[in-house]
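Quick notes on the structure that follows.
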There are 2 protein chains.
Amino acid sequence: MSLPSDPIDPVLADALFRPVRAGNAFEETMERMLQAIRLGVVPPGGRLPPERELSARLGVSRVTLREALRALQESGHIESRRGRYGGAFVQLPSSDPLPPPGDVEDTLTLRYALETGAAEVAASRSLTPQVRRHLRSCLADTATSGISDYRRTDSRLHLAIAEATATPSLTAAVADVRTRLNALLAAIPVIPANLTHSNEQHKAIIDAILDGDAVAARVGMAEHLAGTAALLRGFLA
Amino acid sequence: MSLPSDPIDPVLADALFRPVRAGNAFEETMERMLQAIRLGVVPPGGRLPPERELSARLGVSRVTLREALRALQESGHIESRRGRYGGAFVQLPSSDPLPPPGDVEDTLTLRYALETGAAEVAASRSLTPQVRRHLRSCLADTATSGISDYRRTDSRLHLAIAEATATPSLTAAVADVRTRLNALLAAIPVIPANLTHSNEQHKAIIDAILDGDAVAARVGMAEHLAGTAALLRGFLA
DNA sequence: CGCCAATGGTCAGATGCTGGTCCTTTGCGG
DNA sequence: CCGCAAAGGACCAGCATCTGACCATTGGCG
């Protein structure tokens, strides 16, 4: 019963007829909040936007958003305080079970395309002083961070590069693939030797971007990603 | 009232607190079907998968899917036939109002990152004979197509390159950005001179991919995209 | 010291979406 | 020529979600 009369490319069919929504509104909302917390976009101790604003931004009713927030509260990720100047404050949960990792090669290849592209585009632009400062700041944070918060500062640096492209869709895509990558990285330890090596590569990439050297930025990022990819393939093979 | 206690990066906040869902289930389902039709994944005269299969794939109830199909029927995109060997068959609608174009630079930059990355990755892989044939076939279709169906065959060729990466996420991302691009392209005419120039570039890109020359594939794609980008910026400036 | 604005907490009614079931149409194959 | 399998068409009960309003708490400010 192969095909009655359908010469449809099965690969493209999988791409286009993929699920319209990854889960119900509650699940997707919670994933987003977890993403913001895990990527360090809202730092530990920081406050999330008010419920009304968040629900409006996410395009979700406040009831649904609150369900997600309550779940995050019970899992120890946030703490809610009432009254004016209250809100949801990010905590450091004792245990944080990451979602199951997806397809490794799919994630790594998508990451390669997105982040090498982002590095090249960022280097091709004339960056504002604020953006240049932010890049340098994130680089310094990564270089001086210990093993415990390396993953978060590293995420922030890579996101800063994506931001420097001034391309919202690209920034969002990089954030998403970074979340998938972190789910993979959770399975392997942070090794100090790799850490110092990464820091050297980070510096080379940021220097190239600040110099406007698109080729060097791309090549530097490609080498950097190859290192992480090799590490992951080794551990998850 | 700048910030009460929120040192949250507003750019990243926009990226992470973006809407969880683009619309209701009906709207998103209809967008997907239109995407499949407009990109030529299901060719004119071709049959869509059965309702039950489609609803399962899209993760949407059959009722909702049928609402979308009925809308497509009333807009002249498909025709439904009952009985065994029936189904929904793609028509050529007389008028097809495209959705309003989004941010031009955002679309073009994201496209640059995704498609140059896809070309490089495709060239880096050892392609199966089927994939090689498919690439050559799509290239030939594009070269021999007239003005009327150039946009569709061109879309198919670019999608074929994405498929060659064997990376589902990348394929889906390229398909999405291509849909956004087509919304922009709808505003400008197809010019024969540009068409022949594009065909030369297409041949260079596919040759590079088939030769496994990653650098040439990337550079060729970058030049090709720059041409379209310049054209669009000129018309939409 | 008391008011007030901003925030989280709660609820009821309306609407959307789902899952399941059954009906109708159609054409191939026995 | 008839029966069956595969497809679209239609319906309904129940759950999920949204809308909108109102209540409760808190800390700064007048």
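In the text below, chain A, chain B and the rest are named by the order of the sequence lines, each starting its count at 1. Keep in mind that the numbers below use all heavy atoms, side chains included, and drop hydrogens, waters and symmetry copies.
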**OP:** Between B:Ala88 and A:Ala25, name the one whose nearest nucleotide on DNA chain D is closer to the 5' end.
**Re:**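 Taking each residue's closest nucleotide, the earlier one in sequence belongs to B:Ala88.
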
Original post:
How do A:Leu65 and A:Arg84 order along DNA chain D: which one's closest nucleotide is nearer the 5' end?
Top reply: A:Leu65

Spacing between [X] atom [atom1] and [N] atom [atom2], to the nearest angstrom:
X: B:Arg70; N: D:dG8; atom1: CZ; atom2: C1'; value: 14 Å
X: A:Phe26; N: D:dC15; atom1: CZ; atom2: P; value: 18 Å
X: A:Tyr85; N: C:dC4; atom1: OH; atom2: P; value: 16 Å
X: B:Arg21; N: D:dT17; atom1: CZ; atom2: P; value: 7 Å
X: A:Leu58; N: D:dC18; atom1: CG; atom2: P; value: 11 Å
X: B:Gln73; N: D:dA7; atom1: CD; atom2: C1'; value: 14 Å
X: B:Arg66; N: C:dG19; atom1: CZ; atom2: C1'; value: 15 Å
X: A:Leu54; N: D:dC18; atom1: CG; atom2: P; value: 14 Å

Out of [options], whichever nucleotide has its closest atom nearest the side chain of [X]:
X: B:Asn24; options: C:dT18, D:dA6, C:dC17; value: C:dC17
X: A:Ser80; options: D:dC18, C:dT18, C:dG8; value: C:dG8
X: B:Glu51; options: C:dG8, D:dG9, D:dA7; value: D:dG9
X: A:Pro50; options: C:dG8, C:dG19, D:dG20; value: C:dG8

**OP:** Output yes when at least one side-chain N/O atom of A:Thr64 is less than 4.0 Å from OP1 or OP2 of D:dA16, else no.
**Re:** no

**OP:** Kindly say if B:Arg81 contacts the phosphate of C:dT25, meaning a side-chain N or O under 4.0 Å from OP1 or OP2.
**Re:**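 No, because none of the side-chain N or O atoms of B:Arg81 sits under 4.0 Å from OP1 or OP2 of C:dT25.
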
Do [X] and [Y] have side-chain atoms, one donor and one acceptor, less than 3.5 Å apart?
X: B:Thr128; Y: B:Arg133; value: no
X: A:Thr179; Y: A:Gln35; value: yes
X: B:Thr64; Y: B:Ser61; value: yes
X: A:Glu115; Y: A:His158; value: yes
X: A:Asp106; Y: B:Thr167; value: no

Does a distance-only test, which skips hydrogens and angles, find a donor-acceptor pair under 3.5 Å between the side chain of [X] and the base of [N]?
X: A:Arg62; N: D:dG20; result: no
X: A:Arg82; N: D:dT26; result: no
X: B:Arg52; N: D:dG8; result: yes

